[in-house]
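Notes follow once the structure below has been shown.
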Amino acid sequence: MDAVKQIFRREFASYFATPLALVFIVIFLAVCGAFTFYIGGFFERGQADLQPFFYFHPWLYLFLVPAISMRLWAEERKSGTLELLMTLPVTIAQAVLGKFLAAWAFCGLALALTFPLWLTVNYLGSPDNGVILTAYLGSFLMAGGFLAIGSCLSACTKNQVIAFILSVAVCFLFIVSGFPLVLDAFQSWAPQALVDGIASLSFLSHFDAISKGVIALRDVLYFVTVIAVWLVATAIVIDMKKAQ
Amino acid sequence: MIEIDHLTRYFGDFCAVDDLSFRVQPGEVLGFLGPNGAGKSTTMKMICGFLSPSSGTVRVCGHDVEREPLAAKRRIGYLPEGAPAYGEMSPWQFLSFAAELRGLKGEAKLKALAMAIARLELQEVLHQSIDTLSKGFKRRVGLAQAILHDPDVLILDEPTDGLDPNQKHQVRQLIKGLAADKLVIVSTHILEEVSAVCSRALIIARGRLVADGGPEQLEARSRYHNAVFLQLAREVDVDARLRALPGVAGLEGQGLQRLILARPGHALFDAVSALALKEGWPLLGMSVERGRLDDVFRTLTAEA
């Protein structure tokens, strides 16, 4: 556990050693604001809640989270520090977990910095703060899911651009798997159980429920499982591709 | 102590390391020689537990690297080829990170850092980012990371590659200074390095062990071993008389210089000097060659 902590600290600090952290947070906050007020119609709706804010999170994460995750392993591989890290007395699991948690904490920080919106809505009316808290939790869990996917795809390559594009593509599939766009491709030939299975993989449907204030164990478990599965896959990929 | 048994590694169909077996004892500085692509780095990566062998075993201080990787890794200090480091960190942050992952804390960590920093003379660059350092300093940061936890086993992959002559000298001094109580494996393709720092040399070619011995033993396999070098003041006809000496295998050179090659087991110096005296040759200098490692290296790695 100590090793996880050290790796977490190094990784987390590394975001702030370059302009990456600043650029990411500024863009994230600006886009969040723009979506909420202009596209989401925060004021026009006349309701004291943050629905228009959370509604766009899956789409925001689709591009912003892979920008964080793309460097997780691709950079280590490219600069050769993977060899250094793997010959220090740490296990692959510790390294995967430490780096993932650092990236997740960073996303959490960016998310937390949207608190002025929460202040605003509380100033303007009396929203159900329980729902808002739940939605934040859901959003954080979803960011974790995107990150875990990105972590695995980043481990597959030395090239950060490839890691980014692959992550966006896979994350997109996870978002739209509940949409006709994907389901229609299966509807005609696959058994209904499979179609339902694919539909239930969608980030959107699970996030939707949480963001409306309904914490079902099912939805939380779903994101935790997605994270766990993709992190295990990350460890396997790293172990298999160490030589390259 | 390192015990390597029948170590083999394939990359697809390509056999990078082919049934390698050897032992290294504490106190030895083992030079790992071979042309580029001979399997030096692959072998070192397997010793350090970065790559898994296709077959065979590596044991470091009694720990099987595959079965007890953490125990083995704790005993090893490793400088990977090119000394990779996190570029955005400063040497102090980087070394501190490595020390903490090695389980050093508080006083012990500060002492270890101070020792490594002093030994590699890193004080002046301690707080600038590693990305901005010169190649020599980067290499020294990598070396500091390797010796930080006072490991029993040091594995250095081309530690002097790309350094200037002064820096090379420094690194060699450091290795010599460390060697007393440690086991050091240094890979290189610079042959002077072997004579300079190693107590034993292994030559590998195409993944196979082709020679194993002290630098003198390897030099003795050279055709120049015990050859006598003559420097003449003016041109005289010496060839016929030299060739007639017993034990002479051949002559090289022309004009004012001659290299008289000896047959194995023959020492020619006395015979040649007696002959020169008798004939009254105008000698400027005369010396015995120990043998040339590069010559041995070429012969061994080309025929393998």
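By convention in this document, chain letters (A, B, ...) are assigned in the order of the sequence lines, proteins followed by strands, and residues within each chain are numbered from 1. Here the structure is a predicted model, which means the values were calculated and not measured.
- Summarising the geometry, atom OH belonging to Tyr78(B) is positioned 3.5 Å from atom CD belonging to Glu83(A); distances are rounded to the nearest 0.5 Å.
- Interface remark: of the candidates Gln6(A), Met86(A), Glu76(A), Gln6(A) forms the most heavy-atom pairs closer than 4.5 Å to chain B.
- In this structure, the portion of Phe97(B) lying under 4.5 Å from any heavy atom of chain A is its side chain and not its backbone.
- The number of heavy atoms from other shown groups lying within 6.0 Å of OH (Tyr55(A)) does not exceed 12.
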**Message:** Using salt bridge (Lys or Arg N to Asp or Glu O under 4.0 Å), reason through Glu100(B) and Arg9(A) one step at a time and then give a plain yes or no.
**Reply:** CA-CA 11 Å; Glu100(B) 280 165 10; Arg9(A) 274 190 13 206; 3.4 Å; yes
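- Looking at heavy atoms from C-beta onward, Ile7(A) lies in side-chain contact with Leu101(B) at the 4.5 angstrom threshold.
- Glu88(B) contributes atom CD, which lies 10.5 Å from atom OH of Tyr15(A) (distance to the nearest 0.5 angstrom).
- Closest non-hydrogen pair, Val90(A) versus Leu70(B), comes out as N-CD2, 3.7 Å.
- Taking a 6.0 Å sphere around NZ of Lys78(A), one finds it holds 12 or fewer heavy atoms contributed by other residues, nucleotides or ligands.
- Between chain A and the options Met89(B), Gln93(B), Lys73(B), the largest number of non-hydrogen pairs under 4.5 Å is found for Lys73(B).
- Taking every heavy atom of both residues into account, Ser79(A) and Pro84(B) meet most closely at O-CB, 3.3 Å.
- Only the side chain of Gln145(B) has a heavy atom closer than 4.5 Å to any heavy atom of chain A.
- Atom OH of Tyr10(B) has 12 or fewer neighbouring heavy atoms from other residues, nucleotides or ligands inside a 6.0 Å radius.
- Residues Leu85(A) and Tyr86(B) meet the side-chain proximity criterion, which asks for heavy atoms closer than 4.5 Å.
- In terms of heavy-atom pairs under 4.5 Å with chain A, the best-connected choice from Glu81(B), Arg74(B), Arg102(B) is Arg102(B).
- At least one side-chain heavy atom of Phe94(B) sits less than 4.5 Å from a side-chain heavy atom of Leu84(A).
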